[in-house]
Structure formats: C-alpha cells, structure tokens
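Data first, discussion second: the structure below is written as structure tokens.
Order of the sequence lines sets the chain letters (A, B, ...), proteins ahead of strands, with each chain counted from 1.
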Number of protein chains: 2
Amino acid sequence: MKTIEELLESKGIRVTAMRLLIYKFLTEKQVAVRLSDIENAFDKADRTTLYRTIKTFEEKDIVHQIDDGTGITKYALCENGCTCEIETDLHLHFHCNNCNETVCLTEHKIPQIKVPDGFVSENVNLVVKGICDKCSGQ
Amino acid sequence: MKTIEELLESKGIRVTAMRLLIYKFLTEKQVAVRLSDIENAFDKADRTTLYRTIKTFEEKDIVHQIDDGTGITKYALCENGCTCEIETDLHLHFHCNNCNETVCLTEHKIPQIKVPDGFVSENVNLVVKGICDKCSGQ
DNA sequence: CAATAAATGCACTTCCTTTGCATTGATTAT
DNA sequence: ATAATCAATGCAAAGGAAGTGCATTTATTG
C-alpha cells in the first residue's frame with residue numbers, strides 16, 4: 001500500500017500540501033465531484049489552483065473526467081482496480097436522478113459494443129441514469 | 001411521407017418560417033449539431049430564437065439532446081425509426097476524435113446493462129468514441 | 001377589424017471553464 | 001549556503017454556453 005506521497009511521485013508530479021489535501025479529499029468522497037465541490041471544501045484555496053491541480057491529476061491519470069449529462073464535468077479517483085487510464089478501458093458510471101450524485105461502478109464492466117463498418121471504436125463512455133442504492137432503499 | 005409542415009403540426013407546434021428553416025437544416029446535417037452551429041448557419045436570426053426553437057423541438061420529441069463528452073450539448077433529429085422520445089430507449093452515439101463530429105447510430109442498439117443491487121436503471125447514455133467511417137477511410 | 005396569444009429579438013445575467021501574469025515556494029547548480 | 005531556475009499558487013479577468021425578463025412583432029381567433 002503506497003502512501004499518497006509515493007503515489008504522486010510515482011506519477012511524476014511534485015508533492016505539495018495542496019495536492020495531498022485534494023487527493024485525500026477525493027479518496028474520502030465516494031462519489032464523483034465537481035470542481036465547485038472541491039472549492040467549497042477548501043475555502044482558502046483559489047479555484048485556479050484547484051482547477052489546475054485536477055487538470056494535472058487528469059493528465060497523470062490519477063483522476064478521470066466524468067460527463068454524466070448534468071452539463072458539469074465531474075472527477076473521480078478510481079479505487080479498486082479501475083484502469084481508467086487505459087484508453088480502451090470500459091468506463092461505467094451511474095448517475096442518480098434523485099440525489100444527483102454520480103458514482104463509479106468499477107466492478108461492472110461494459111459489454112463489447114459493435115459499431116458499423118468503417119468506424120473504429122477507441123473508447124466507450126457509458127452513463128446509466130436512475131435511482132441509486134441509497135435513494136431506492138428509502 | 002409527411003411534409004415538414006405536417007410533421008410540425010402533428011407534433012402540436014405552430015409552423016413558422018424559422019422553424020421550417022431550422023428543421024430543414026437539421027435534416028440536411030448528417031451529424032449532431034451544437035447551438036452555435038445553427039447560429040452560424042443563420043446569421044440573421046437571434047440566438048435566443050434558435051435556442052428556444054430547439055427547446056421546443058426537444059419538448060415535442062422532434063430532436064433529442066446528445067451529450068458526447070465534449071461539454072457542449074448537441075442536438076439531432078433521429079431519422080429512421082429512432083424512438084429517442086421514449087425514456088427507456090437505448091441511445092447510441094458515435095463521437096469521432098478526429099473530425100469531432102457526433103452521429104446517431106440508430107440501427108445499433110445498446111445491450112442490456114446490469115447494475116448492482118439497489119440501483120434502478122431508468123435511462124442509458126452511451127457514447128462510443130473513436131474514428132468515424134469518413135476519417136478512417138482516408 | 002379587434003383582441004388574444006404565441007413567436008421573435010434585444011439585453012442582460014449566471015455559471016463554469018480557461019488563461020495571463022505576478023508572486024511565492026521549492027529545487028538545482030555554483 | 002546562496003544564487004539561479006523552474007514549478008506551483010494566487011489574483012484578476014476573459015470567454016463560452018445556457019438561461020431569463022421584457023418589449024415588440026407576427027399570427028390566430030372571435
């Protein structure tokens with residue numbers, strides 16, 4: 001089990017207090033977060049720093065973007081064996097229409113999608129919408 | 001084969017010159033269009049009109065929204081037997097990473113997606129990304 | 001033809017994203 | 001250690017897209 005410091009270094013980015021905090025914040029969140037969520041969690045920090053930190057994380061394959069159809073980009077660390085950094089990996093995300101939260105369903109893989117002749121599939125983005133386990137359990 | 005006028009009337013919206021032009025523009029386009037694409041095509045018209053026209057079309061199930069991951073909402077008429085107006089219909093869109101265009105693959109249906117216990121699937125948004133037939137053929 | 005309602009146009013606002021530039025902080029070489 | 005260098009941060013502002021309020025025009029109905 002790597003420390004966060006070791007992980008950041010292994011990805012080739014410098015370890016800073018801000019980056020450690022943001023990484024820790026992401027690990028604690030069980031859902032995909034918007035930039036504004038991070039802003040609210042770190043009042044002191046400038047949004048530009050948060051924005052650029054997330055962008056750096058994204059470039060270094062520490063987080064991945066999620067477009068869940070709300071129109072606002074969300075980000076998530078993938079925890080258990082998710083290989084989002086691989087171009088051909090099959091993402092699967094669930095967006096709850098009730099609580100408006102989006103989660104990574106890393107254990108549920110996407111079946112192979114067939115495309116017409118001439119089309120080359122490189123990546124698949126799949127967002128299932130509905131009611132999440134927390135909301136349906138009520 | 002209905003005329004555009006008849007189609008609009010059957011959907012319960014008034015026929016106006018602007019709406020006919022926009023509808024015609026959409027039928028001629030083989031790809032999903034952004035609002036700004038329509039703006040560029042109709043310099044004279046105000047963007048609010050175009051915006052509201054598209055919204056009206058959307059409400060009346062004439063066009064449907066596509067979220068292809070570019071962060072910009074796109075719209076498309078679905079031509080052959082697409083039943084996008086049905087909530088549970090399985091949309092499938094292809095986004096080309098080369099020419100940046102998004103097309104409706106109406107003939108290719110999405111397989112059933114399994115979600116974990118407690119989750120209720122209501123809708124699925126699937127975007128396959130890669131190289132489209134036009135770009136791969138070169 | 002008058003009254004009513006919808007469609008259009010203009011102005012403005014808001015939200016999110018992105019960039020430029022100065023400043024601070026950390027790293028490397030002398 | 002100290003200077004030089006480069007990355008990280010903070011502040012300000014710009015840009016783009018989406019959405020709203022209100023006045024005006026256009027079409028429909030009585």
With sequence neighbours left out, write down each residue that passes side-chain hydrogen bond (donor to acceptor under 3.5 Å, both in side chains) with A:Thr70, or none if nothing qualifies. A:Asp68
Can you sort out the partners of B:Val33 under side chain to side chain contact (heavy atoms under 4.5 Å, CB included), two or more places apart, ordered by chain and number? B:Phe25, B:Leu26, B:Lys29, B:Asp37, B:Ile38
Any idea how A:His64 and A:His93 line up, ring-wise: parallel (<30°), tilted (30 to 60°), or perpendicular (>60°)? parallel
Between the protein and nucleotides 6-10 of chain C, list every N/O to N/O distance that falls short of 3.5 Å.
residue	atom	partner	partner atom	Å
C:dA6	O4'	B:Arg14	NH2	3.4
C:dA7	OP1	B:Arg19	NH1	2.8
C:dA7	OP1	B:Arg19	NH2	3.2
C:dA7	O5'	B:Arg19	NH2	3.4
C:dT8	OP1	B:Thr16	OG1	2.8
C:dG9	OP2	B:Thr49	OG1	2.8
C:dG9	O6	B:Arg52	NH2	2.6
C:dC10	N4	B:Thr48	OG1	3.2

Under 3.5 Å, is there a donor on one side chain and an acceptor on the other for A:Asn100 and A:His95? yes
Which residues share a side-chain hydrogen bond (donor to acceptor under 3.5 Å, both in side chains) with B:Thr27, sequence neighbours left out: none
Is a donor on one side and an acceptor on the other found under 3.5 Å between the side chain of A:Thr102 and the backbone of A:Ala32? no
In whole angstrom, give the distance that lies between atom OH of A:Tyr51 and atom C1' of C:dC15. 15 Å
Side-chain donor-acceptor pairs of residues 42-50 of chain A under 3.5 Å, sequence neighbours excluded:
residue	atom	partner	partner atom	Å
A:Asp46	OD2	A:Thr48	N	2.8
A:Asp46	OD2	A:Thr48	OG1	2.7
A:Arg47	NE	A:Glu39	OE1	3.4
A:Arg47	NH2	A:Glu39	OE1	3.4

Residues from residues 35-42 of chain B sitting under 4.0 Å of DNA chain D, heavy atoms only? B:Leu35
Hits for salt bridge (charged side-chain N to carboxylate O under 4.0 Å, His left out) against B:Glu58, two or more places apart or cross-chain, chain-then-number order -> B:Lys55
Partner set under side-chain hydrogen bond (donor to acceptor under 3.5 Å, both in side chains) for B:Arg19, not counting sequence neighbours: none
Taking any atom closer than 4.0 angstrom to a non-hydrogen atom of chain B, what span of DNA chain D does the protein reach, first nucleotide to last? D:dA17 to D:dC22
Is there any ring-ring contact (aromatic ring centres under 6.0 Å, His included) pair reaching into residues 105-131 of chain A, and which pairs are they, with sequence neighbours excluded? A:Phe119-B:Phe94
Mind grabbing the angle between the end helix axes of the helix from C:dC1-D:dG30 to C:dT30-D:dA1? Five pairs an end, 10° rounding. 20°
With sequence neighbours left out, write down each residue that passes side-chain hydrogen bond (donor to acceptor under 3.5 Å, both in side chains) with B:Lys24, or none if nothing qualifies. B:Glu28
Do the side-chain N and O atoms of B:Thr16 and B:Arg14 include a donor-acceptor pair separated by under 3.5 angstrom? no
